[in-house]
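Accompanying notes for the structure given below.
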Amino acid sequence: MYHPVVNQHMADFSFEQDTRVFRNRDALTEQYTPDELVGRDEELSEFHAALQPVINGENPSNIFIYGKSGVGKTAATRFLLQRLERDVADVDEVDLTTIEVNCDGLNTSYQTAVELVNRMRDPGNEMSSTGYPQAAVYNGLWEELETQGGIVLIVLDEVDHIDDDSILYQLSRARDNGVIDNVDLGVIGISNDLSFREDLSSKVRSSLCEREVNFSAYNATELQEVLRQRETVAFHDDTLEDEVVPLCAAYGARDSGDARQALDLLLMAGDLARQDDAEHVTEQHVRRAKNKLKKNQVEEGISTLSPHGQYALYALVVLEERGETPARTRDVVPVYQEVCRQQGDEPVSLRSIRDHLASLAQLGIIDRMEKNRGRDGGKFTEQQLNHEVEIVRAGVSELLELDPSAV
DNA sequence: TTTCCACAGGAATAAAGGGCGA
DNA sequence: TCGCCCTTTATTCCTGTGGAAA
């Protein structure tokens with residue numbers, strides 16, 4: 001049977017190559033490594049010096065890279081390692097392997113060790129992520145490293161996501177402990193968390209942080225330079241209106257000099273312009289992109305929460321809508337318990353709720369303020385949403401299927 | 001200066017769930 | 001199938017915190 005309406009509708013979703021706006025959209029993504037890194041001369045120079053032993057065929061130093069998110073730590077690491085690999089290729093005596101692992105999602109040393117083993121194994125021969133004794137996983141790791149031979153550089157990006165420092169100790173001390181013999185191993189740890197280094201046990205700190213490179217935040221001028229550099233690769237000439245780059249740079253500078261955020265903003269603004277069939281990316285596209293990114297960020301954070309984390313967040317949404325925030329933990333609890341009842345779930349203990357609220361704050365979804373009323377009221381914490389209540393409600397309702405009138 | 005309040009959060013431990021090798 | 005070993009999420013217990021009041 002012929003359905004003209006349906007066919008007309010379907011025709012609207014055909015795909016055509018769209019080369020307007022972007023020349024090379026990938027140049028704004030995290031995977032792209034530019035030919036030149038803007039505004040990072042000092043950091044690159046220090047990092048370069050720390051990698052120098054590799055090309056000399058000497059035992060590589062363990063290097064610890066730190067600085068806030070989006071200041072070019074990962075980009076600089078990839079940039080220098082690409083050049084190192086290129087230059088090592090001309091030196092017969094040096095055999096270099098680099099392995100980059102992002103520890104986001106790897107909560108423990110165990111999982112990280114399994115990931116490293118699997119990076120070195122062929123597909124199909126990979127190790128399962130559970131079920132083995134820890135010693136078996138480490139033995140597997142040393143075997144794979146010995147098989148690689150030569151110099152191996154392991155990059156652990158977002159290394160602060162690993163809860164325990166056992167893997168860092170094992171890797172940085174592997175040679176001294178005699179578990180590897182045929183391979184010279186160097187570890188490059190990258191962290192956004194400035195306190196991470198201080199929290200390491202002294203034995204790990206002294207071996208992992210043989211060389212340290214601190215990446216400072218970009219200022220608005222440096223961010224503009226970064227964006228201009230990518231603009232020429234990513235967009236067709238004269239596609240961006242004059243105010244677009246300064247505005248993206250200003251947002252990035254406001255969010256603690258974060259180039260990644262500024263680049264994401266530019267990418268999203270370009271996508272919106274293309275979606276609108278516009279010839280140019282305008283200030284309006286940037287402002288819309290900013291809102292959309294914020295929403296995505298909240299939704300992503302919410303999706304990683306356990307059910308009780310979601311219930312606790314929903315309790316705060318309810319309190320926010322009642323105008324009862326900032327709310328003390330003890331005031332969040334009864335609303336949380338009501339949400340649990342509505343969901344047909346048993347509430348967890350006060351101690352666990354504290355942990356859930358702390359996680360929400362860590363994800364940047366809520367704000368927590370410490371208060372102290374002294375002998376009259378003691379010390380306590382108040383919390384409130386860190387984003388518009390509509391955005392959070394939308395994100396959490398999608399997961400919980402809540403009846404808004406019930407709580 | 002000391003005491004007190006109301007928690008926050010660390011430490012130890014348990015239970016449940018899932019994968020592995022024998 | 002069973003025992004082992006891991007992770008995640010929870011519980012209980014308990015110590016630490018810091019500003020106002022005494």
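Convention: sequence-line order gives letters A, B, ...; per-chain numbering from 1. Given the structure is predicted, the values throughout are model-derived calculations rather than measurements.
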Please determine if a side-chain N or O atom of A/His356 lies less than 4.0 Å away from the OP1 or OP2 oxygen of C/dT9. no
Are side-chain N/O atoms of A/Glu158 and A/Asn102 paired as donor and acceptor at under 3.5 Å? yes
Sequence neighbours excluded - side chain to side chain donor-acceptor pair (under 3.5 Å) pairs with any residue from residues 369-381 of chain A: A/Lys371-A/Glu382
Any side chain to side chain donor-acceptor pair (under 3.5 Å) involving residues 41-51 of chain A? Give me the pairs, sequence neighbours left out, ordered by first then second residue. A/Glu43-A/Ser216
Measure from the ring center of A/Phe215 to the ring center of A/Tyr66 and say whether it is less than 6.0 Å. no
Would you please name every residue forming a side chain to side chain donor-acceptor pair (under 3.5 Å) with A/Thr325, sequence neighbours left out? A/Glu320
Rounded off to whole Å, could you give me the CD-to-P distance for the A/Glu346 and C/dT11 pair? 10 Å
Aromatic A/Phe235 / basic A/Arg23 pairing, under 6.0 angstrom, 45° off normal: no
Which atoms form the tightest heavy-atom contact between A/Leu156 and A/Leu168, and what is the distance? CD1-CD2, 3.7 Å
Name the first nucleotide and the last nucleotide along DNA chain B (5' to 3') that come under 4.0 Å of a heavy atom in chain A. B/dT3 to B/dG21
Of all heavy-atom pairs linking A/Pro34 and A/Gln229, the shortest is CB-NE2, 3.9 Å
Hey, can you tell me if A/Tyr311 and A/His308 have their rings parallel, tilted or perpendicular (30° and 60° cut-offs)? perpendicular
A/His308 has an atom NE2; how far is it from atom C1' of C/dT8, in whole Å? 13 Å
Would you give a per-nucleotide map of nucleotides 12-18 of chain C, 5' to 3', where B means the base has a protein non-hydrogen atom under 4.0 Å away, S means only the sugar-phosphate does, and - means neither? B----BB
Derivation of the side-chain hydrogen bond (donor to acceptor under 3.5 Å, both in side chains) call for A/Tyr314 and A/Arg393: CA-CA 7 Å; A/Tyr314 191 73; A/Arg393 176 181 265 285; 3.1 Å; yes
Give each protein N/O atom lying under 3.5 Å from an N/O atom of nucleotides 3-6 of chain C, with the pair distance.
from, atom 1, to, atom 2, distance (Å)
C/dC6, OP1, A/Gln134, N, 2.9

